[in-house]
Amino acid sequence: MPEFKAKQQGKGVPKLLSSHRECLSPEKPFYRLTKRDVMHSPFWVCLDLFDSFHLIPPPSLPVASQTIEKSYVAPGVRCIQIREGRVRGALFLPPGGGPFPGVIDMFGGIGGLLEFRASLLASRGFAALALAYFAYEDLPSFLAEVDLEYFEEAAELLLKHPKVGGTGVGIVSVCKGAEIALAMATFLPQITATVCINGTNAMNGTGLRYRDLHIEPIPYQFEHLRLTDIGLFELFHAVADTQTEGHQDSILPVEKAKGKILFIVGESDRNYNSKAYAEESMERMRRYGKKHCTLLSYPGAGHLIEPPGSPFCRYSRNPFFDQPLMWGGEAQPHAAAQEHSWREIQKFLWQHLGPSGSSKL
């Protein structure tokens with residue numbers, strides 16, 4: 001499959017109208033707006049229209065106002081809390097008898113359980129398992145090592161569910177979750193389609209263990225951690241160059257992957273050099289004669305590429321760092337990347353998981 005370069009105003013990428021109010025901003029600085037209770041309450045967004053963009057001092061009343069409701073589950077979507085064996089998470093099932101394509105949904109280094117993307121996937125016809133893997137319930141509070149057998153157990157659990165069809169499952173993942181997802185695609189035969197959003201191509205910071213296999217991690221170089229003028233940590237330079245001598249054994253042998261892989265990267269990501277990592281994986285595939293991966297690269301987009309409607313977040317707090325983290329990106333191209341990539345993710349999953357490449361778009 002060919003590499004796809006998504007330009008801000010390129011074919012198929014939505015062009016956003018210019019605005020003096022570029023994005024939603026948190027009332028508390030450095031906080032990220034994330035929907036937690038997806039089943040019982042929507043987001044209510046109030047839109048106010050003023051007759052001027054000069055809002056200092058702000059006018060007393062808007063010319064017009066409209067409140068819109070953003071729901072995260074379609075009518076009939078069910079949520080089942082998963083506590084089977086070691087696996088912890090939440091399974092979202094579309095309405096109807098199925099069977100449905102199964103997808104594992106994973107986030108990154110904040111830990112815990114985030115459900116909003118899985119609920120949106122279920123609303124579009126996928127049986128989506130929001131998977132926790134640390135800092136949740138009785139799981140380890142800190143990710144000291146990636147035990148790939150835990151993720152294999154989750155894939156088997158999803159495949160065995162009576163409402164999940166097919167012989168394999170998909171993954172949608174971001175950040176550290178994308179690194180783990182790439183390892184799953186590499187070593188687990190159950191993985192048919194993998195979406196890696198702004199991840200790396202090697203084990204970084206945490207090693208990997210799978211049966212008799214052990215991959216030592218590339219250590220983080222915290223001496224290269226940068227502090228911006230406004231007090232933000234930038235991890236970009238603390239993640240070591242995978243091409244450095246001595247790091248080769250930590251690179252994931254993606255040429256072993258049986259399923260399809262879609263890399264999605266923001267070119268203004270300030271957490272990882274995610275575009276370079278994706279390109280290294282693509283080049284490694286080419287060297288081994290493999291063509292089952294695709295790259296979507298978005299100029300101006302940052303690290304946290306999420307479904308449309310998720311407010312742009314340039315920086316936010318992380319429970320494992322004393323200072324907020326810089327994610328990067330600019331509001332309008334980032335929003336465009338979210339809209340375009342969300343459609344492409346669904347197409348990719350339906351093509352490789354659905355019956356005969358079906359689509360619900």
Side-chain angles (χ1 to χ4, degrees), residues 1-4 89 100-108 114 117-118 120-121 124 126-131 133 146 148-159 164-204 208 210 215 251-266 272 274-275 277-286 288 290-297 305-307 341-354 357:
M1 298 177 71
E3 177 178 342
F4 181 84
F100 308 105
V103 177
I104 295 173
D105 182 63
M106 298 193 301
F107 283 82
L114 295 178
R117 193 169 56 202
L120 292 172
L121 287 168
R124 286 152 179 81
F126 299 97
L129 172 60
L131 183 64
Y133 55 96
V146 175
L148 207 59
E149 291 185 45
Y150 172 82
F151 300 91
E152 185 174 43
E153 186 178 339
E156 287 291 340
L157 183 152
L158 188 57
L159 275 172
V164 174
T167 58
V169 299
I171 312 173
V172 180
S173 55
V174 64
C175 192
K176 187 66 177 181
E179 180 180 297
I180 296 171
L182 193 61
M184 294 170 69
T186 299
F187 298 113
L188 302 185
Q190 301 92 339
I191 307 305
T192 305
T194 303
V195 179
C196 295
I197 305 169
N198 285 326
T200 70
N201 66 326
M203 299 309 301
N204 289 274
L208 178 142
Y210 179 59
I215 298 178
I251 298 175
L252 293 166
V254 291
E255 69 277 3
K256 296 182 179 181
K258 304 299 183 184
K260 304 294 184 179
I261 301 172
L262 173 62
F263 296 103
I264 294 174
V265 302
Y272 290 150
S274 50
K275 183 181 179 182
Y277 296 134
E279 289 176 336
E280 287 176 19
S281 290
M282 297 281 289
E283 178 57 32
R284 183 172 182 126
M285 289 281 201
R286 293 189 189 103
Y288 284 90
K290 302 296 182 69
K291 300 180 180 180
H292 53 287
C293 56
T294 305
L295 171 61
L296 291 175
S297 184
I305 298 177
E306 298 177 339
S341 63
W342 183 236
R343 292 197 301 269
E344 294 302 309
I345 288 170
Q346 294 174 70
K347 290 178 184 177
F348 174 81
L349 294 174
W350 279 115
Q351 181 180 357
H352 301 299
L353 296 176

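Values below: every heavy atom of this structure, side chains too, minus hydrogens, waters and symmetry copies.
- At a threshold of 4.5 Å between non-hydrogen side-chain atoms, the residues T194 and M184 do not count as touching.
- Counting only heavy atoms from C-beta outward, the side chains of I171 and V103 never approach each other to under 4.5 Å.
- Distance alone, capped at 3.5 Å, is enough to place a donor-acceptor pair between the K176 side chain and the N204 backbone.
- A distance of 7.5 Å separates OG of S341 from CG of L296, quoted to the nearest 0.5 Å.
- The minimum heavy-atom distance linking A183 with L252 is given by the pair N-CD1, 3.7 Å.
- Under a 3.5 Å cut-off, the side chain of H292 and the backbone N or O of A257 do form a donor-acceptor pair.
- Within the model, atoms CZ of F107 and CG of L131 stand 12.0 Å from one another, a figure rounded to the nearest 0.5 Å.
- Distance check, rounded to the nearest 0.5 Å: CD1 of I180 to CG of L148 gives 8.5 Å.
- No side-chain heavy atom of F348 sits under 4.5 Å from any side-chain heavy atom of T294.
- For the pair F151 and V146, the minimum side-chain heavy-atom distance is below 4.5 Å.
- Here the closest heavy-atom approach between residue A118 and residue A130 is recorded as CB-CB, 3.8 Å.
- Residues V172 and L349 are in side-chain contact: their nearest non-hydrogen atoms beyond the backbone lie under 4.5 Å apart.
- For I251, the side-chain contact (heavy atoms from CB on, under 4.5 Å) partners at least two apart in sequence or on another chain are N201, A202, T242, Q243, Q248, R284.
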Full working for side chain to side chain contact (heavy atoms under 4.5 Å, CB included) between I104 and L158 = CA-CA 8 Å; I104 295 173; L158 188 57; 3.9 Å; yes
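- Summarising the geometry of V254 relative to S281, their closest heavy-atom pair is CG2-O, 4.0 Å, with the distance given to 0.1 Å.
- Interatomic distance, CZ of F187 versus CD of E149, reported as 13.0 Å (0.5 Å rounding).
- Aromatic pair Y150/Y133: centroids not less than 6.0 angstrom apart.
- Atom SG of C196 and atom CD1 of I261 lie 6.5 Å apart (nearest 0.5 Å).
- Counting heavy atoms from C-beta on, the side chains of S173 and I197 never come closer than 4.5 Å.
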Step-by-step side chain to side chain contact (heavy atoms under 4.5 Å, CB included) determination, V195 to F263 | CA-CA 6 Å; V195 179; F263 296 103; over 6 Å; no
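- In this structure, the side chains of W342 and K347 stay at 4.5 Å or more apart for every pair of heavy atoms.
- Formation of a donor-acceptor pair under 3.5 Å by the E179 side chain with backbone atoms of C175 is not found in this model.
- The structure places CG of L120 at 9.5 Å from CG of D105, a figure rounded to the nearest 0.5 Å.
- Here the side chains of I191 and T186 are not in contact, with every heavy-atom distance at 4.5 Å or above.
- Taking the six-membered ring for Trp and thresholds of 30 and 60 degrees, Y277 and Y272 have ring planes more than 60 degrees apart, a perpendicular arrangement.
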Evaluate the criterion side chain to side chain contact (heavy atoms under 4.5 Å, CB included) for residue pair T192 and K260; output intermediate values, then yes/no.
-> CA-CA 6 Å; T192 305; K260 304 294 184 179; over 6 Å; no
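- No donor-acceptor pair under 3.5 Å is formed between the side chain of K275 and the backbone N or O of V265.
- Residues G266 and I305 share a closest heavy-atom pair of N-CD1, 3.9 Å.
- Here the shortest heavy-atom pairing between G168 and L353 reads O-CD2, 4.0 Å.
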Can you list the steps and then say if I264 with I345 is a side chain to side chain contact (heavy atoms under 4.5 Å, CB included)?
-> CA-CA 9 Å; I264 294 174; I345 288 170; 3.5 Å; yes
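- At least one donor-acceptor pair closer than 3.5 Å links the side chain of R117 to the backbone N or O of M106.
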